[in-house]
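Values reported hereafter were calculated over all heavy atoms of this structure, with side chains retained and with hydrogens, waters and symmetry mates removed.
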Amino acid sequence: MVSHSPVLKVALKKNETAESVELHPETVMKPSNLDYMRVRASGTLNGEIPIAGAKNAALKHLCATMLTGDVVQFNNLPVALKDIQTLAALLQEMGVRVSLNANGSGIFQADQITSTTAPYDLVRKMRASVLVMGPLLARMGHAEVSLPGGCSIGTRPIDMHLDGFRAMGAEIELHEGYVRAIAPKGGLMGAEILFPKVSVGATENVMMAATLAKGTTRLMNAAREPEISDQAEALIKMGAKISGHGTDTITIEGVPHLSGCTHDVIADRIETGTFMVAVALTGGTVKLKKTQTQFLTSLIGPLRKANVTIESDGDDVIIHRNGKPLRGTDIMTEPYPGFATDLQAQFMTMLTMCEGAGMVTETIFENRFMHVPELCRMGANITVQGNSAIIRGVKKLKGAEVMATDLRASVSLILAGLVAEGETIVNRIYHLDRGYENLVGKLQACGADVTRGRHADDLEA
Ligand code: EPZ
């Protein structure tokens, strides 16, 4: 039985390297829009960087813990991420016993769910909270979740999640900004569900609900992301009957209940890709620890075309810039296995320094070019036409004060600062804490001149 321990708040000591990082059970520094990152060009990156467990797998694993009353343990959890802590706090509010530990393991037990409501003040901070709906609906027959609202990259509706639950017999109603879902008396029923467009979250939410439904559910036009396969593998360890994950058709045969399990979260392919692009920009040789190239073929192709060397080395990946100039190339974001939208901003930063030009087309989100005006303030030459941007390489970028707008745009500006002349201040850097564990320490460990600070007064003032 897991004691009802408080969620371990963690904070990383400043300037610690990733290797020696110790998580401290103290209240994590409250993010503030006063937080900034100071970056100065400091030559090539050389050294080793440990890659964390995948944020976009871990968040769903935490939701899945509510599908059983048994103890569930996840290892390789990125426990220092703000999003993980926010979701862990939400689970705790619902009565789940939670313990996030310094060694990256998380232990959960949902044997006494006391609430099936996800309140607005938590959901607005972290939209992935809507993924508690599937497990609550399946296990408790009821879920009330605040509509997450849009975010800076798009409106992010959840209509396909709700249509999936309706197909399984749930009644759905909107009530004062909350969506209320109620399962039929006898529980959710298996169904044939064809998603009108590929959706990672809808696939995961409905797949979790289907594990405890009566009968078989078939998800067609399902998302194929590696994080979905990792979720399916964990659910199968809990006793779920799932097949086809990783393809566009997933079949789930409902079972009466699920049991506990222990599961290691897969490596974060977006963090891996982010550091690959960092080395492409700065040059040098970096070994990315405990990750793989398998899920990044859509990035590795364009990087190799741009003259970057990437090799697997057992459980690690070695990135090396082979001295030849970076060459521009075109990319278009698509659902997996296409080019990941979460790497689009980072890749665009690299293109700003390439010989020739490159085109970036964003097909997943309607507003994911907010890093463009900030990069242009640093001297980048980028023209946007609809959902495409033409980037013409420039000889150099110039340091400037810029504003982060979302998680991946934040890191793209830091990458630009690593090669810009002079100093770059990236404001509102708290976005980073949602998705990158100890980015400062990891970059410093490879020789980067990056530090974090907090402005004395509010920028808005
Ligand atoms: C997940 O978001 C990721 N987040 C995103 O990562 C990632 O960019 C996205 O998948 C695409 O890969 C997490 O896993 C927590 P979608 P999700 O449902 O599930 C539309 C990051 O930086 N749509 O695949 O919300 C939607 O508006 C974040 O780590 C509907 O129209 O993405 C979008 O245009 C950003 N109706 C498209 O589908 C729905 O019901 C794909 O969204 C659901 C989605």
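- In terms of modelled atom types and a separation under 3.5 Å, the side chain of Arg327 and the main chain of Gly356 share no donor-acceptor contact.
- A donor atom on one side chain and an acceptor atom on the other are not found under 3.5 Å apart for Ser410 and Tyr436.
- Between Asp316 and Lys289, at least one side-chain N (NZ, or NE/NH1/NH2) sits under 4.0 Å from a carboxylate O, which counts as a salt bridge.
- Smallest separation of non-hydrogen atoms from Leu343 and Arg269: CD1-O, 4.5 Å.
- Residues Thr363 and Glu334 bring no donor and acceptor atom of their side chains to less than 3.5 Å of each other.
- The two residues Met160 and Pro196 have their closest heavy-atom pair at SD-CD, 3.6 Å.
- Legend: salt bridge (charged side-chain N to carboxylate O under 4.0 Å, His left out) pairs involving residues 416-427, not counting sequence neighbours, sorted by first then second residue: Arg38-Glu423, Arg40-Glu423, Lys396-Glu421.
- Rounding to the nearest 0.5 Å gives a distance of 11.0 Å between CD1 of Ile236 and CG of Leu258.
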Exercise for review: May I have the step-by-step check of salt bridge (charged side-chain N to carboxylate O under 4.0 Å, His left out) for Asp433 and Arg452, ending in yes or no?
Suggested key: CA-CA 12 Å; Asp433 301 335; Arg452 183 167 179 149; 2.7 Å; yes
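- No hydrogens or angles considered: nothing links the side chains of Glu311 and His320 as a donor-acceptor pair under 3.5 Å.
- Of the possible donor and acceptor atoms, none in the side chain of Thr361 sits under 3.5 Å from a partner among the backbone N and O of Met332.
- Considering only residues two or more places apart in sequence or on other chains, Lys60 meets the side chain to side chain donor-acceptor pair (under 3.5 Å) condition with Glu204.
- Glu362 contributes no side-chain N or O that, together with a main-chain N or O of Asn367, makes up a donor-acceptor pair within less than 3.5 Å.
- Ring planes of Phe74 and His263: perpendicular class, angle over 60° (limits at 30 and 60°).
- Listed by chain and number, the residues in a salt bridge (Lys or Arg N to Asp or Glu O under 4.0 Å) with Arg224 amount to none (sequence neighbours excluded).
- Applying the side chain to side chain contact (heavy atoms under 4.5 Å, CB included) test to Ala267 and every residue at least two apart in sequence or in another chain returns Ile51, Thr291.
- For residues 339-358, every residue pair satisfying the salt bridge (charged side-chain N to carboxylate O under 4.0 Å, His left out) rule, not counting sequence neighbours, is listed here: Asp342-Arg368.
- Judged purely by distance below 3.5 Å, without hydrogens or angles, the side chains of Gln231 and His245 never pair a donor atom with an acceptor atom.
- Remark: Ala52 pairs with Pro78, Glu271, Glu437, Lys442 by the side chain to side chain contact (heavy atoms under 4.5 Å, CB included) rule, at least two apart or across chains.
- For the residue pair Leu407 and Lys55, the shortest heavy atom distance occurs at CD2-CE, 3.7 Å.
- In plain terms, the two heavy atoms of Lys237 and Cys261 that are nearest each other are CB-CB, 3.8 Å.
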